[in-house]
J.: 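To start, I am sharing the structure in question, which I have written as structure tokens.
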Amino acid sequence: MNILIVGNGGREHTIACRIFNSPSFDKSQSKIYCTTGNPGIDKIAEPVDIKADQTELLLNFASEKHIDFTIVGPEVPLSLGIVDAFTNNNLKIFGPSKSASEIETSKVFSKDFMARNKIPTASYKVFDDSNYSEVHDYLNSIKFPIVIKADGLAAGKGVYIAHNIEDAVSFINDIHDNLIFGTSGLKFVIEEFLEGFEVSVFVITDGTNFKILPYAQDFKKIGENDTGKNTGGMGSFAPANFLVDDITTHKITEKIILPTLKNMKQEGREFKGCLYCGLMIVKNGDEFEPYVIEFNCRFGDPETQSVLPLIKSDFLQLLIASAENKIDDYELEVNNLFSLCIVAASGGYPEKHNTGYPVSGLEDICNDCIVFHSGTKSLDNNVITNGGRVLSVVGISNKSFKDAREIAYKSISSISFKDMYYRKDIGSKLI
Ligand code: AMP
Ligand code: GLY
């Protein structure tokens, strides 16, 4: 079987590893290709020199190389319609169509979809050119803090929590007038700030039926104790199910997952692939209520790095079952393990940072730890840094989170590159 993985970060490295180790992946007769690879992924997959957003070239490649199954990691190719293009050419692919991807690629679509289908989310108001002149009056009429979200994709940076009017006006000027995220900020959402704790839930679905993977928690801020700028994610742990009681777990399925899938289908945007539900669990009297903070149309990064190692059943077949509408026949089995991921980033990230520094210590990693490559590349047989988030170091234990955390921190301390930065408090509250 020939597999093509689109995307080349830590998430895609994890997906490649889990496919490579799936019992149904016959290593002697099968091959994985990856656009555009990285030194970690290249150990198990052949790199392909086509960018993730070059849909036509990928389509030609898939036909020429007789690709049996394609898996899309990042949101951009999904938003460009790669799934529609492959499906129209009878090529099997994992992921949602362009119209279903809007659940992530347009915050306005996503919020309006939740509102009309009574899916719990923070109350909000949409602004665009038709009512932009009213934004100042609106800001004067509401209680702070508030959350401002650019409508379109902004590489995880389009969300801002404003504590006062000056902050809010400055961010709105940046996104709407100075177009720091291009046209993504021409429309934006202002929403109520919710207080609680967050969990990330991956739902693998064929559009109707679904399997819920172990919950995870993501650490979005750059600084310790959740301070500073938002990033793509500085660490994660899984399973996070223990954070959520049974009644709340039931509500997540009944009030969020089921109506989302049912109504996406009814609105002609059947969602297949991985629906990522970013949830805020809010205390309400003696009970907890789950609210959707965001939907993503793909696996999250770095949650994937901690969630996928927990899956015991055949991962490749899970993804194929989604594409073939056979999720109900798939038996999901989960290992009784604890995993914790720490992201090693380039100093300065998520702002300006330098790359091109040699990475050392990768060979000293023990068996209980996996290092997934995010922003790396090869130069003269050395691994060098090539992005903001460089490596995802994952500790895995069958004993406890404490153990998984110790493994991850011990391993990351043996790795180094110039200006390397990582948070020292990932999972500290677990212990
Ligand atoms: P998003 O990109 O929508 O996931 O937002 C990034 C982060 O901003 C989330 O993970 C939350 O920590 C925070 N956030 C977004 N929306 C809200 C909200 N309505 N209330 C509180 N925090 C939020
Ligand atoms: N870790 C959050 C995301 O992938 O968007």
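In this text the structure is predicted, and so the values were computed from the model without any measurement. Order of listing sets the numbers, starting from 1, for every ligand and every atom in it.
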J.: Phe171 vs Tyr160 aromatic rings, parallel, tilted or perpendicular, using cut-offs 30° and 60°?
T.: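 The arrangement is parallel - the two ring planes meet at less than 30°.
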J.: Would you call the rings of Phe202 and Phe299 parallel, tilted or perpendicular, where under 30° means parallel and over 60° means perpendicular?
T.: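 Phe202 vs Phe299 ring planes: perpendicular.
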J.: For the pair Phe20 and Phe25, name the ring-plane relationship: parallel under 30°, tilted 30 to 60°, perpendicular over 60°.
T.: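 Ring orientation, 0 to 90° scale: tilted.
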J.: Report the C-alpha separation of Glu75 and Arg298 in whole Å, then their side-chain angles, then the decisive distance to 0.1 Å, and conclude whether the salt bridge (Lys or Arg N to Asp or Glu O under 4.0 Å) test is met.
T.: CA-CA 6 Å; Glu75 61 278 16; Arg298 46 149 181 105; 3.0 Å; yes
J.: Near ligand 2, which protein residues have a heavy atom under 4.0 Å away?
T.: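 Answer by chain and number: Asp218, Lys220, Gly232, Tyr276, Asn296, Arg298, Gly300, Asp301, Pro302, Glu303.
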J.: Can you tell me how the ring of Phe242 sits relative to the ring of Phe401, calling it parallel under 30°, perpendicular over 60° and tilted otherwise?
T.: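 It falls in the tilted class, 30° to 60°.
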J.: Which protein residues have a heavy atom closer than 4.0 Å to any atom of ligand 1, listed by chain and number?
T.: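 Shell around ligand 1 (4.0 Å, heavy atoms): Lys107, Ala122, Val147, Lys149, Val159, Glu191, Glu192, Phe193, Leu194, Glu198, Lys220, Asn230, Met280, Ile293, Glu294.
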J.: Is it true that the side chains of His13 and Asp42 contain a donor and an acceptor less than 3.5 Å apart?
T.: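 Not at all, the side chains of His13 and Asp42 share no donor-acceptor pair under 3.5 Å.
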J.: Rounded to the nearest 0.5 Å, what's the gap from CD on Gln305 to CG on Leu391? Could you check?
T.: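 The CG atom of Leu391 is 11.0 Å from CD of Gln305, to the nearest 0.5 Å.
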J.: Could you grab the distance from atom CZ of Phe237 to atom CG of Leu430, nearest 0.5 Å is fine?
T.: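 If we round to the nearest 0.5 Å, Phe237:CZ and Leu430:CG are 4.0 Å apart.
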J.: How long is the straight-line distance from NZ of Lys92 back to CZ of Phe86, given to the nearest 0.5 Å?
T.: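 Reported value, rounded in 0.5 Å steps: 14.0 Å.
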